[in-house]
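Remember, predicted model here, so these are calculated numbers, not experimental data.
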Amino acid sequence: MSLAGLLATLLLTLLALAIVAYPLLRRQESTSARLSSPHDVDSRYQRVLINIRDLDEDFATGKLDAQSYHDERETWVGRGIELLRQIDEQTRTSDA
């Protein structure tokens, strides 16, 4: 194979990789921008509250054992606390 053919193959390979990678990189950027929007943080917090309520109901009806319930609830409460911090931070920055 000639040097020109080798360079053309390399160029086409890089172009194909760029075409494939561009939408994936763009999606990651838009996801991180979306996650920081106030509406999204509020909706994620509401989802955490719903999950905690569902856990409480499942434990009350006997669908979950005590250890699983406490572990899961602790996880969701931690997520809720983090989201409340984000909401508080966004409120402070929008008020300033």
For side chain to side chain contact (heavy atoms under 4.5 Å, CB included), just list the numbers for Val41 and Gln90, CA-CA rounded to whole Å, side-chain angles, deciding distance to a tenth of an Å, and then say yes or no. CA-CA 10 Å; Val41 175; Gln90 288 174 347; 3.6 Å; yes
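Shown here are the side chain to side chain donor-acceptor pair (under 3.5 Å) partners of Asn51, two or more places apart in sequence or in another chain: Arg47. Looking at residues two or more places apart in sequence or on another chain, you find no salt bridge (charged side-chain N to carboxylate O under 4.0 Å, His left out) involving Asp65. Annotation: side-chain contact (heavy atoms from CB on, under 4.5 Å) contacts of Asp71 (sequence neighbours excluded): Gln67. Gln46 is linked by a side-chain contact (heavy atoms from CB on, under 4.5 Å) to Leu49, counting only residues two or more places apart in sequence or in another chain. Applying the salt bridge (charged side-chain N to carboxylate O under 4.0 Å, His left out) test to Arg53 and every residue at least two apart in sequence or in another chain returns Glu57.
Across all their heavy atoms, Arg73 and Asp56 have their closest contact at NE-OD1, 2.9 Å.
Chaining together hydrophobic side chains whose heavy atoms lie under 4.5 Å apart places Leu10 alongside Leu14. The other residues sharing a hydrophobic cluster with Ile19 are Leu15, where clustering joins ILVMFWY side chains under 4.5 Å apart. Ile50 belongs to no hydrophobic cluster, as no Ile, Leu, Val, Met, Phe, Trp or Tyr side chain comes under 4.5 Å of its own. Leu17 belongs to no hydrophobic cluster, as no Ile, Leu, Val, Met, Phe, Trp or Tyr side chain comes under 4.5 Å of its own.
Pairs passing the ring-ring contact (aromatic ring centres under 6.0 Å, His included) check and including a residue from residues 69-91, sequence neighbours excluded, read Phe59-Tyr69.
Of the residues listed (Gln86, Arg92, Arg85), the one engaging Asp88 in a side chain to side chain donor-acceptor pair (under 3.5 Å) is Arg92, and it is the only one.
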